[in-house]
Amino acid sequence: MTNSNRSVLLLSGPNLNLLGEREPEIYGSQSLEDHVQAALQQAQACGLKLIHLQSNAEAELVEAIQQARGCHDAIVINAGALTHYAWSLHDALATFDGPVLELHLSNPNAREPWRHTSVIAPVADGSIAGFGGYGYKLAIQAVAELLSDTPQSDSYDT
Ligand code: DQA
C-alpha cells in the first residue's frame, strides 16, 4: 500500500531549539534544523509529507496535537523534559487515532531517575531513544511501516 498523501506531524518540545549548543556531549553537535532535514529527506523517500513544529510551551504542543486530528496521519514527538510529567500531552495524544512514535536523542532510561518515567510511552505505539540524530530517520521509517499497514482514509488527504 502506498503512503503517498499521508502526512506526519513531527513535534519538538522545550529546549530542543537549542540543540547543537545545548549539552553537546549528550545531545550531539547537530542543530534541530539538521534533524528536521534528515526527517524530511526520509519522509520524502517514504512518500510521506512532513510538518514540523517546535515549541517551548506545553499548551502550544497540546493545541498542535488536537489540530492534528483529521489532518495528519501520524505523530512523531520528542517532547523534551515534558516527556516526564506533562499529562496534558498524554491525554491529547490519547485522542489521536493514528500511530504515535516517541523519540529521544539520548536514552533517558540510562540517565537520571526522574527521566525514567515517560507519560508519552503509554500512548505511543513505540519509542526510539538513544540513537542520536539517526533516531529521526528511524522514526520516520517506523511510522512509514506502521502507516503502510493501515487503510488510507480519504478524509486525511491534505
Ligand atoms: C530528550 C530527553 C529528555 O529527558 C530531555 O529533557 C530533553 C531531550 C532527548 O531527546 O534525549 O530535553 O527528549
Side-chain angles (χ1 to χ4, degrees), residues 6-46 48-69 71-147:
R6 288 180 151 183
S7 173
V8 179
L9 177 64
L10 173 62
L11 290 174
S12 301
N15 301 309
L16 296 180
N17 54 312
L18 297 181
L19 288 175
E21 301 165 35
R22 172 192 179 210
E23 299 179 277
E25 66 288 359
I26 296 172
Y27 299 117
S29 57
Q30 287 182 299
S31 67
L32 181 59
E33 186 50 33
D34 294 333
H35 297 312
V36 172
Q37 282 308 319
L40 272 169
Q41 265 180 27
Q42 189 57 49
Q44 210 169 16
C46 295
L48 295 166
K49 293 178 196 164
L50 186 120
I51 303 289
H52 174 246
L53 172 81
Q54 188 276 331
S55 178
N56 292 324
E58 182 175 342
E60 227 178 294
L61 295 166
V62 169
E63 194 64 42
I65 295 165
Q66 290 186 9
Q67 297 293 327
R69 286 151 43 89
C71 118
H72 292 288
D73 297 282
I75 296 177
V76 174
I77 180 165
N78 183 346
L82 292 174
T83 301
H84 311 299
Y85 64 92
W87 288 102
S88 60
L89 291 183
H90 166 107
D91 285 354
L93 288 167
T95 72
F96 184 76
D97 279 340
V100 172
L101 204 137
E102 178 186 17
L103 174 63
H104 299 286
L105 290 151
S106 67
N107 177 1
N109 286 314
R111 299 179 63 194
E112 305 95 314
W114 63 268
R115 293 186 204 270
H116 298 182
T117 298
S118 167
V119 299
I120 306 294
V123 286
D125 291 271
S127 305
I128 290 176
F131 295 101
Y134 188 47
Y136 283 79
K137 186 176 174 179
L138 294 174
I140 301 302
Q141 285 174 342
V143 151
E145 281 294 328
L146 292 174
L147 284 175

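As the structure lists them, so they are numbered: ligands from 1, and atoms in each ligand from 1. Sequential numbering from 1 along the given sequence is applied to the chain's residues.
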Would you say V76 and V8 make side-chain contact, with heavy atoms under 4.5 Å?
yes
Hey, what polar pairs (N/O, under 3.5 Å) does ligand 1 make with protein?
{"from": "ligand 1", "atom 1": "4 (O)", "to": "H84", "atom 2": "NE2", "distance (Å)": "2.7"}
{"from": "ligand 1", "atom 1": "4 (O)", "to": "R115", "atom 2": "NH1", "distance (Å)": "2.8"}
{"from": "ligand 1", "atom 1": "6 (O)", "to": "A81", "atom 2": "N", "distance (Å)": "3.1"}
{"from": "ligand 1", "atom 1": "6 (O)", "to": "R115", "atom 2": "NH1", "distance (Å)": "3.0"}
{"from": "ligand 1", "atom 1": "10 (O)", "to": "N78", "atom 2": "ND2", "distance (Å)": "2.9"}
{"from": "ligand 1", "atom 1": "10 (O)", "to": "L105", "atom 2": "N", "distance (Å)": "2.8"}
{"from": "ligand 1", "atom 1": "11 (O)", "to": "L105", "atom 2": "N", "distance (Å)": "3.3"}
{"from": "ligand 1", "atom 1": "11 (O)", "to": "S106", "atom 2": "N", "distance (Å)": "2.8"}
{"from": "ligand 1", "atom 1": "11 (O)", "to": "S106", "atom 2": "OG", "distance (Å)": "2.6"}
{"from": "ligand 1", "atom 1": "12 (O)", "to": "R22", "atom 2": "NH1", "distance (Å)": "3.1"}
{"from": "ligand 1", "atom 1": "12 (O)", "to": "R22", "atom 2": "NH2", "distance (Å)": "3.0"}
{"from": "ligand 1", "atom 1": "13 (O)", "to": "N78", "atom 2": "OD1", "distance (Å)": "2.8"}
{"from": "ligand 1", "atom 1": "13 (O)", "to": "H104", "atom 2": "ND1", "distance (Å)": "2.8"}

Any side-chain to backbone donor/acceptor pair from N78 onto S12? Under 3.5 Å, distance only.
no
For the pair R22 (side chain) and Y27 (backbone), establish whether a donor and an acceptor sit closer than 3.5 Å, ignoring hydrogens and angles.
no
Residue pair L61, L89: steps toward the side chain to side chain contact (heavy atoms under 4.5 Å, CB included) verdict
CA-CA 7 Å; L61 295 166; L89 291 183; 3.7 Å; yes
Side-chain touch V36/Q54, heavy atoms, less than 4.5 angstrom
no
Sequence-distant partners of H35, ring pair (Phe, Tyr, Trp, His ring centres under 6.0 Å), two or more places apart
Y136
